[in-house]
Amino acid sequence: MIIVFKPGAAQEAKLKVRAKLENQGFQIHESNGLNVTLYGIVGDTSAFDMRTLISDDCIEKIMRVQEPFKRANRAFHPEDSVIDVAGVPIGGRKIQVIAGPCSVESVEQVTSVAQSVKLGGASLLRGGAFKPRTSPYSFQGLKELGLDYLKAAREETGLPIVTEIMSADKIERFVEDVDLIQVGARNMQNFELLKELGKTRTPILLKRGLSATIEEWIMSAEYIMAGGNENVILCERGIRTFETYTRNTLDLSAIPAVKKLSHLPVVVDPSHAAGLWWMVEPLAKAAVAVGADGLLIEVHNDPEHALCDGAQSLKPERFARLMGELKGIAQIVGREL
Ligand code: PEP
Ligand code: MN
């Protein structure tokens with residue numbers, strides 16, 4: 001349920017309404033626009049008698065929210081959310097690009113890729129330290145050492161770091177060292193992990209599950225937000241369909257859909273969607289054209305010998321060229337890159 005106050009409604013009157021609702025056990029999510037204040041009511045309002053508020057003439061209207069997600073709902077927060085990741089705003093006019101190798105392989109590798117992607121115009125560095133691999137025999141990541149190497153690359157370049165968490169027992173270390181914590185597609189519905197991340201205030205990059213609907217994906221964001229961590233960025237990374245030519249199918253329609261349903265920023269990962277390096281460029285362009293707030297692109301100095309996802313990784317020169325080409329598209333859609 002949403003309460004829309006009349007423009008210029010007195011603070012005292014609004015607080016009276018707040019007290020009335022809180023006494024009934026509801027939580028209030030307040031959103032202040034240029035002229036109007038909204039109260040998003042969280043809790044089971046199905047039995048709530050709205051007539052108890054009718055007498056408050058500071059109220060313009062009361063609306064029911066159909067969707068099961070509340071805090072992530074655009075109705076609760078009509079303006080786009082801008083998430084601050086160590087000084088880099090995600091969700092504003094500027095499209096931010098996260099780039100780097102699939103996995104951290106050595107301190108030299110991650111630092112050199114970090115330097116190249118920074119030169120190319122990336123504003124955040126990615127690199128997997130804990131890797132969710134389909135096969136237990138595949139490279140599982142350098143783990144804690146990988147985090148140390150990412151920190152060294154951040155020190156060298158100033159780029160904030162993005163890396164994936166796989167279990168709640170690592171949260172303390174991630175909060176200490178990581179600027180944007182990635183929840184991978186395979187953990188999108190690991191609700192215990194999401195709840196624990198909700199207790200932190202570190203920004204979270206929540207990837208869409210392999211076969212998750214848009215609503216399930218936003219509900220996972222709601223899990224994190226329900227704990228008080230509203231710093232959630234969604235990431236479309238392709239979904240499972242009958243098509244096998246590409247690794248996944250990039251769901252471009254998810255971007256405008258999420259923008260309609262939610263105020264959270266959306267980043268697109270064309271690398272994991274396609275699985276093919278030569279498709280990253282056209283898909284990245286398409287993502288910018290349909291309104292993505294950012295991109296996540298895998299870049300490797302030596303893709304042929306990458307320990308993970310070499311086939312979808314761009315070489316640094318190609319990445320830099322792509323960044324140049326994206327600028328024009330960003331401009332056409334009223335953005336900056
Ligand atoms: C990744 O970003 O390296 C990754 C494993 O992505 P996803 O969870 O989307 O498969
Ligand atoms: Mn990868």
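One-based numbering, in listed order, for ligands and for the atoms of each. Numbering starts at 1 and runs along the sequence shown. This structure is a prediction, so every number in the text was calculated from the model and none was measured.
Nearest protein neighbour of atom 6 (O) of ligand 1, counting heavy atoms only, is K207 NZ, 2.9 Å. With hydrogens left out, the protein atom closest to atom 2 (O) of ligand 1 is R126 NH1, 2.7 Å, a heavy atom. Atom 5 (C) of ligand 1 has E164 OE1, 3.7 Å as its closest protein atom, hydrogens excluded (heavy atom only). Protein heavy atom closest to atom 4 (C) of ligand 1, with residue, atom name and distance, is H272 NE2, 3.5 Å.
Ligand 1 has no atom lying under 4.0 Å from any heavy atom of R208.
By the 4.5 Å heavy-atom criterion applied to side chains, Q115 and E156 are counted as neighbours. Two residues are said to be in side-chain contact when any heavy atoms from C-beta on lie closer than 4.5 Å; I297 and L322 meet this criterion. You'll find the side chain of I204 reaches within 4.5 Å of the side chain of V183, heavy atoms only. Looking at Q140 and R133, their side chains come closer than 4.5 Å, going by heavy atoms from C-beta outward.
In this structure, of A185, G100, S103, the residue bringing a heavy atom nearest to atom 8 (O) of ligand 1 is A185.
In this structure, L197 CG and E192 CD are separated by 11.5 Å, a value rounded to the nearest 0.5 Å.
Close approach of ligand 1 to G184 is summarised as follows: ligand atoms under 4.0 Å from at least one heavy atom of the residue are 8 (O). Of all the atoms in ligand 1, the ones that sit under 4.0 Å from a non-hydrogen atom of R237 are 7 (P), 9 (O), 10 (O). Heavy-atom contacts of R186 reach the following atoms of ligand 1: 7 (P), 8 (O), 10 (O) (cutoff under 4.0 Å). For ligand 1 and E298, the ligand atoms under 4.0 Å from any heavy atom of the residue are 3 (O).
Hydrophobic clustering, with ILVMFWY side chains joined whenever heavy atoms are under 4.5 angstrom apart, groups V299 together with V268.
Side-chain contact annotation: D309 with H272, donor-acceptor N/O pair under 3.5 Å present. Remark: the E230 side chain and the H77 side chain contain no N/O donor-acceptor pair separated by less than 3.5 Å.
A salt bridge between R208 and D251 is present, with a side-chain N of the basic residue lying under 4.0 Å from a carboxylate O of the acidic one.
Within a 6.0 Å radius of NZ in K285, other residues, nucleotides and ligands contribute more than 12 heavy atoms.
Ordered by chain and number, C102 SG, H272 NE2, E298 OE2, D309 OD2 make up the set of protein N, O or S atoms under 2.8 Å of the Mn ion (ligand 2).
A ring pair (Phe, Tyr, Trp, His ring centres under 6.0 Å) check over residues 175-203, counting only residues at least two apart or in different chains, returns the pairs F191-Y223.
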